[in-house]
S.K.: 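To start, I am sharing the structure in question, which I have written as structure tokens.
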Protein chains: 2
Amino acid sequence: MPAEQDISLLFNLINSFVPLTQQDKEHLIPHLSYRNVKKGDYWLAEGEKEQQVGFILEGSMRHFYLHDGEEKTTYFYFQNNLVSSYFSALTGTPSKLSIQAMSNCRLISFPYKMLVLMYELSPKWERFGRKLAEYLVIGLEERMVELLVLSPEERYNRLFNSNKKKILERMPQHLIANYLGITPVSLSRIRKRAGTKK
Amino acid sequence: MPAEQDISLLFNLINSFVPLTQQDKEHLIPHLSYRNVKKGDYWLAEGEKEQQVGFILEGSMRHFYLHDGEEKTTYFYFQNNLVSSYFSALTGTPSKLSIQAMSNCRLISFPYKMLVLMYELSPKWERFGRKLAEYLVIGLEERMVELLVLSPEERYNRLFNSNKKKILERMPQHLIANYLGITPVSLSRIRKRAGTKK
DNA sequence: CGTATTTATTATCTTTTGTTAACGTTTCAG
DNA sequence: CTGAAACGTTAACAAAAGATAATAAATACG
């Protein structure tokens, strides 16, 4: 059972999508567990079906696809983020991506099935599900346009000036290169051209 | 007021997300309108806020972003698709993209506001909203991974072998190039390399 | 129809990125 | 503490893509 203050962090996030009553919360609380994932360990490995939704109390994670024997990191998860292979959970298919801890992580988790069950139990939770998916649509749409319309260099500069700059500050550069859809060598050159703005 | 059989096409689509009762349907029907959009005309122009959701009975559309004075087409809409700047509707901000008819189009439309109102009125509709957003997440996630992980040539080949091949068959090639995130000249070369599989 | 516009291909040249490898530095684990 | 692994930069070369322009073909439309 997770600590009180940790649980309230999770509900702070959920509340930012849909304000919940104490009663709504009670539905979820019995199904929360506390988990530790050590640096380098996996939250989810390729081929497994996603069963859990995590909430990161501390630490960070990445997810990556294996393509031609290479790990292609396409997303990062930080403190206060939900972490899950949403795609695998939604489709019920084995995950094509792996999620790995970049540092020792403390999380709260609950079964994805419980979330779906709560969609049935309460319109509030159903609304949360909608808002969450809509939030993801907005993020994915923005990122996809950048990939389609901007050059790698423009993408780097935009990331540098965005609210996701913490990715640049906290993640190794070759993973950022993946995230931008280019090679590490290419990113090194782009940074040099840009005058290595610290 | 749209024709009976046209309305039933719309509900066929909605039913594939969430089965509706006759009563659920009655909520929406009074707000449906029939619309024609001529080839070349706009469903939505950049800078406008999206107010409507369309359902294409006949015809096709594209949406594009203006970048450095160039139109970058990043999505196509066909018969039986919903058409809307979901991003603009969700965020309530002026649209950064324009949606234009590629051929004469017949549509049913209803105000996005009505959809949101129905989210309030009925959990069934709320669920539809969730399923729709989840469906979009799945599509966006897949496409984004392709953009990050595959080369332009691999992306072309995958499109060629996908269930979206109709894009290749029905759309002009320079727009497909945009859709793949490359230039028309480059796509022409890729097709040549690929042996111009018919 | 027939003319104007759009579209696709090809060629040439430039720029960028990918690939591979070497090197020095940092990080990490035993 | 120390050797191994991981990381970032740089160089040299190859491959691919972008830019521009010319041309040919297809299409649109008055």
Side-chain angles (χ1 to χ4, degrees), chain A residues 38-41 59-60 62 64 67-73 76 100-105 146-160 167-198, chain B residues 38-41 59-60 62 64-65 67-74 76 100-105 146-160 167-198:
Chain A
K38 281 193 200 134
K39 178 174 179 173
D41 284 356
S60 57
R62 66 173 180 132
F64 64 88
H67 182 70
D68 293 342
E70 298 228 28
E71 296 182 357
K72 301 285 189 176
T73 297
F76 302 102
Q100 186 188 35
M102 300 290 294
S103 59
N104 291 333
C105 288
E146 292 186 4
L147 288 167
L148 284 168
V149 168
L150 304 182
S151 68
E153 183 154 0
E154 288 171 313
R155 293 204 292 275
Y156 171 78
N157 288 325
R158 188 170 291 196
L159 180 61
F160 190 88
I167 292 176
L168 290 177
E169 289 157 354
R170 302 188 200 170
M171 292 295 154
Q173 197 166 310
H174 65 287
L175 299 185
I176 296 168
N178 289 171
Y179 181 84
L180 292 169
I182 58 180
T183 61
V185 177
S186 192
L187 178 55
S188 185
R189 284 187 289 229
I190 286 170
R191 282 169 55 88
K192 193 180 181 186
R193 261 181 267 157
T196 312
K197 343 176 195 174
K198 201 164 39 201
Chain B
K38 282 194 198 133
K39 178 175 177 172
D41 284 356
S60 58
R62 66 174 180 130
F64 64 88
Y65 293 82
H67 182 70
D68 292 343
E70 297 229 28
E71 294 180 358
K72 302 287 191 177
T73 297
T74 62
F76 302 101
Q100 186 189 34
M102 299 291 292
S103 58
N104 291 331
C105 288
E146 293 187 3
L147 288 167
L148 283 168
V149 169
L150 305 182
S151 69
E153 184 153 0
E154 288 171 314
R155 293 204 292 276
Y156 172 78
N157 288 327
R158 188 171 290 196
L159 180 60
F160 190 88
I167 292 175
L168 290 177
E169 289 156 355
R170 302 187 200 170
M171 292 294 153
Q173 197 168 309
H174 63 288
L175 300 186
I176 296 168
N178 289 169
Y179 181 84
L180 292 169
I182 57 181
T183 61
V185 177
S186 191
L187 177 55
S188 184
R189 285 187 287 228
I190 286 170
R191 281 168 55 87
K192 192 180 178 183
R193 261 181 266 158
T196 311
K197 345 177 193 176
K198 198 160 46 205

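The model shown is predicted, which means the values in this text are computed figures rather than measured ones. In what follows, chains carry the letters A, B, and so on, assigned in the order in which the sequence lines appear, proteins first and then strands, with residues in each chain numbered from 1.
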S.K.: Taking atom P of dC7(D) as reference, at what distance in whole Å does atom CZ of R191(A) sit?
M.R.: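 Distance check: R191(A) CZ to dC7(D) P gives 15 Å.
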S.K.: Do H174(B) and N178(B) make a side-chain contact, defined as non-hydrogen atoms from C-beta onward lying under 4.5 Å apart?
M.R.: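 No, every pair of side-chain atoms sits at 4.5 Å or beyond.
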S.K.: Is Q173(A) near enough to dT9(D) that one of its side-chain N or O atoms lies under 4.0 angstrom from OP1 or OP2?
M.R.: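 Affirmative; the distance criterion is met.
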S.K.: Give the B/S/- string for nucleotides 15-30 of chain C, one per nucleotide from 5' to 3', where a protein heavy atom under 4.0 Å of the base yields B, of only the sugar-phosphate yields S, and otherwise -.
M.R.: --BBBB-------S--
S.K.: Can you find a heavy atom in the side chain of F76(B) that is under 4.5 Å from one in the side chain of R62(B)?
M.R.: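 A side-chain contact under 4.5 Å exists here.
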S.K.: To the nearest angstrom, how far is M171(B) atom CE from dA8(C) atom C1'?
M.R.: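 Nearest whole value for this atom pair: 17 Å.
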S.K.: In whole Å, I'd like the distance from the CG atom of L175(A) to the P atom of dA6(D).
M.R.: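 Roughly 13 Å, once rounded to whole Å.
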S.K.: Report the distance from atom NZ of K192(B) to atom P of dA24(D), rounded to the nearest whole Å.
M.R.: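 Distance, rounded to whole Å: 16 Å.
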S.K.: To the nearest angstrom, how far is L147(A) atom CG from dA17(D) atom C1'?
M.R.: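 In whole Å, dA17(D) C1' lies 17 Å from L147(A) CG.
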S.K.: Output yes when at least one side-chain N/O atom of H174(B) is less than 4.0 Å from OP1 or OP2 of dA8(C), else no.
M.R.: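 It does, given that an N or O in the side chain of H174(B) lies less than 4.0 Å from OP1 or OP2 of dA8(C).
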S.K.: Would a 4.5 Å heavy-atom cut-off, applied to side chains only, mark L150(B) and H67(A) as touching?
M.R.: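 A side-chain contact exists here, since the closest heavy-atom pair is under 4.5 Å.
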S.K.: Separation of L180(B) atom CG from dG18(D) atom C1', in whole Å?
M.R.: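 Those two atoms, CG and C1', are 16 Å apart.
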S.K.: Return the minimal non-hydrogen interatomic distance between S188(B) and Q173(B), and the atom names on each side.
M.R.: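 That would be CA-NE2, 3.8 Å.
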S.K.: In whole Å, what is the span from the CG atom of L168(A) to the P atom of dG8(D)?
M.R.: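 Roughly 12 Å, once rounded to whole Å.
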S.K.: Would you indicate whether the side-chain heavy atoms of I190(A) and L180(A) approach each other to under 4.5 Å?
M.R.: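 Counting from C-beta outward, L180(A) and I190(A) never come under 4.5 Å.
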S.K.: Roughly, in whole Å, what's the span from CD in E154(B) to P in dA16(D)?
M.R.: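 That distance rounds to 11 Å.
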S.K.: Quick check: do T73(B) and M171(B) have side-chain heavy atoms less than 4.5 Å from each other?
M.R.: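 Not in contact.
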